[in-house]
Participant: 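My questions all concern the structure below.
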Amino acid sequence: DFVVCGSASVAATDLNPPSQLPALVAGGTDDYDIVVAKIKGSDGSVVWARQIGGAGNQMCMAAAVDDTGNVLIAGNYSGQLDFGSGAFSPVAATNVTLPWVAKLAGADGSTLAVTHGQPGATGGMASFVSALDTDSAGNVAIAGFFRKAITFGTLTVTSASTSSYDALAVKFSSSLEPIWAKNWGDSDTQSAMGIAFDSGGNLSVVGRFNKTINIGSGGAILTAASSVDPTSGLNTNNSDLFFARIDGATGNPQCALRFGDYGSQEADGVFIARSATGAAKDTTVVVGSLTSVLDFGSVSLSTSGPGIENFWVAKF
């Protein structure tokens, strides 16, 4: 079986199994609600589904199943969000977007635990979850990006610039208590787009960045390639992709690499086969996009023409 999640601005009645009552209903008028469903792998039928929301927008951006079969979902919300035990406090204003993480029972989708970030600065702030993964102990990690400041429990991270986004990674225990939170950025935009645990409990984080990003062993600074198009001479301000290994216990970076040229390159997701055996164990697959040339050293990729964006996949 597998899990899907997303958002809907109307009642997602097509996801409602005949045996499940009450039927799914929209939580707000013309706003987005969280939608999550467990799907039977054998025939695609819906095992259970939930629609969760209220005033404002609530969206699910990532889902995973842990080793015991429980479901983890994560996303962003503004306004009111209630998983059954009362709305999160404080209620996120319309100019504030906050991250949330929930753990649901694999059997019926009932809520087991929830957590959310809180604004750590006055005024509007924005944070977005891009990816989520779990390890063999049930710990949970999310990746995304944010600006201004955000607090998880007693942990607060602050972006390098109040007007641009920093990359973000946060680890939680199996009960969704925050363990550590890390961010990387400068005066431009950096985004963590994928995250995955390996068999040793360490993490790989991938994403994109402009200008520089302070990440790597000893606080190494990665610098994006020249953003000047050699043909036109124009400054493109495009992004390079980054790939970082993170210590699972502390969140400290072990190493980091960048790949890119004057065009736009980004990594949008990462998968690690931590449960595999033999040579396949901890095999890492990364996916993303490029608009010019992407050179991994032993392999170089290029698009089929100027101004064309291609998809890429790499196995490490």
Participant: So, Phe243 versus Phe316, ring centres under 6.0 angstrom or not?
Facilitator: yes

Participant: Starting from the C-alpha separation in whole Å, work towards a yes-or-no answer on side chain to side chain contact (heavy atoms under 4.5 Å, CB included) for Leu301 and Val293.
Facilitator: CA-CA 6 Å; Leu301 307 173; Val293 176; over 6 Å; no

Participant: So Ser289 and Glu309, side-chain hydrogen bond (donor to acceptor under 3.5 Å, both in side chains) or not? Walk me through it.
Facilitator: CA-CA 7 Å; Ser289 63; Glu309 184 174 13; 3.1 Å; yes

Participant: Measuring only between side-chain heavy atoms, which start at C-beta, is Val140 closer than 4.5 Å to Leu176?
Facilitator: yes

Participant: Going by the rule salt bridge (Lys or Arg N to Asp or Glu O under 4.0 Å), which residues pair with Arg245 if we only count those two or more places apart in sequence or in a different chain?
Facilitator: none

Participant: Between Tyr77 and Phe88, is the ring centre distance below 6.0 Å?
Facilitator: yes

Participant: Which residues pass the salt bridge (Lys or Arg N to Asp or Glu O under 4.0 Å) test with Arg50, sequence neighbours left out?
Facilitator: none

Participant: Distance-only, no hydrogens or angles: does the Arg147 side chain make a donor-acceptor pair with backbone N or O of Met125 under 3.5 Å?
Facilitator: no

Participant: Would you say Asn183's side chain and Ala167's backbone share a donor-acceptor pair under 3.5 angstrom?
Facilitator: no

Participant: Examine distances only and state if a side-chain atom of Asp133 and a backbone atom of Phe197 form a donor-acceptor pair shorter than 3.5 Å.
Facilitator: yes

Participant: Please tell me if the side chains of Arg208 and Leu241 come closer than 4.5 Å, counting only heavy atoms from C-beta onward.
Facilitator: no

Participant: Take Trp312 and Phe259 through the test ring pair (Phe, Tyr, Trp, His ring centres under 6.0 Å) and record every step on the way to the result.
Facilitator: CA-CA 13 Å; Trp312 61 266; Phe259 302 97; 8.6 Å; no

Participant: So, the side chain of Lys103 versus the backbone of Ser174: is there a donor-acceptor pair under 3.5 Å, distance only?
Facilitator: yes

Participant: For Met59, is there any backbone N or O sitting under 3.5 Å from a side-chain donor or acceptor partner on Ser7?
Facilitator: no

Participant: If we count only N and O atoms by modelled type, under 3.5 Å, do the side chains of Ser161 and Ser159 hold a donor and an acceptor together?
Facilitator: no

Participant: Find out if a path of hydrophobic residues (ILVMFWY) with successive side-chain heavy-atom gaps under 4.5 Å connects Val101 to Val114.
Facilitator: yes

Participant: Counting distance only, does the side-chain N/O of Asn57 pair as donor-acceptor with the main-chain N or O of Tyr32 below 3.5 Å?
Facilitator: yes

Participant: Please assess Thr97 against Phe128 for the test side chain to side chain contact (heavy atoms under 4.5 Å, CB included), listing each intermediate value before the final yes or no.
Facilitator: CA-CA 7 Å; Thr97 304; Phe128 301 93; 3.9 Å; yes

Participant: Is the backbone of Leu72 close enough, under 3.5 Å, to the side chain of Asp66 for a donor and an acceptor to pair up by distance?
Facilitator: no

Participant: Run the side chain to side chain contact (heavy atoms under 4.5 Å, CB included) test on Trp100 and Ile34 for me, step by step, so that the C-alpha distance in whole Å, both residues' side-chain angles and the decisive distance to 0.1 Å come before the verdict.
Facilitator: CA-CA 11 Å; Trp100 58 267; Ile34 296 161; 3.3 Å; yes

Participant: Is there side-chain contact between Ser204 and Ile246, with heavy atoms separated by less than 4.5 Å?
Facilitator: no

Participant: Does the gap between the ring centers of Tyr165 and Phe146 come in under 6.0 Å?
Facilitator: no

Participant: Judged by atom type as modelled, is there a donor-acceptor pair below 3.5 Å linking the side chain of Asn210 to the main-chain atoms of Ala224?
Facilitator: no

Participant: Does some side-chain heavy atom of Phe83 sit less than 4.5 Å from a side-chain heavy atom of Ile52?
Facilitator: yes

Participant: For the residue pair Asp186 and Thr212, confirm or rule out a side-chain donor-acceptor distance under 3.5 Å.
Facilitator: yes

Participant: Do the non-hydrogen side-chain atoms of Val96 and Ser78 ever get within less than 4.5 Å of each other?
Facilitator: no

Participant: Compute the ring centroids of Trp180 and Phe152, then answer whether they are less than 6.0 Å apart.
Facilitator: no

Participant: Counting C-beta onward and ignoring hydrogens, is there a side-chain heavy-atom pair between Asn139 and Thr134 closer than 4.5 Å?
Facilitator: no

Participant: Between Glu177 (side chain) and Phe172 (backbone), is there a donor-acceptor pair under 3.5 Å?
Facilitator: no

Participant: Is there a chain of hydrophobic side chains (I, L, V, M, F, W, Y, each step under 4.5 Å between heavy atoms) that links Phe271 to Met193?
Facilitator: no

Participant: Less than 3.5 Å apart, any donor N or O on the side chain of Asp247 or Thr250 sitting next to an acceptor on the other?
Facilitator: yes

Participant: Would you say Thr151 and Gln118 are linked by a side-chain donor-acceptor pair, where the criterion is simply a distance under 3.5 Å?
Facilitator: no

Participant: Is the shortest side-chain heavy-atom distance between Asn252 and Lys182 below 4.5 Å?
Facilitator: yes

Participant: Using modelled atom types only, decide if a donor and an acceptor are shared between the side chain of Asp268 and the backbone of Gly288 within a distance under 3.5 Å.
Facilitator: no

Participant: Give the C-alpha distance, both sets of side-chain angles, the deciding distance and a yes or no for side chain to side chain contact (heavy atoms under 4.5 Å, CB included) between Leu132 and Ile73.
Facilitator: CA-CA 8 Å; Leu132 171 150; Ile73 54 175; 5.8 Å; no

Participant: So among Asn310, Asp261, Asn238, which one has a side chain to side chain donor-acceptor pair (under 3.5 Å) with Ser292?
Facilitator: Asp261

Participant: Got Leu168 and Gln190 here, is their nearest side-chain heavy-atom distance under 4.5 Å?
Facilitator: no

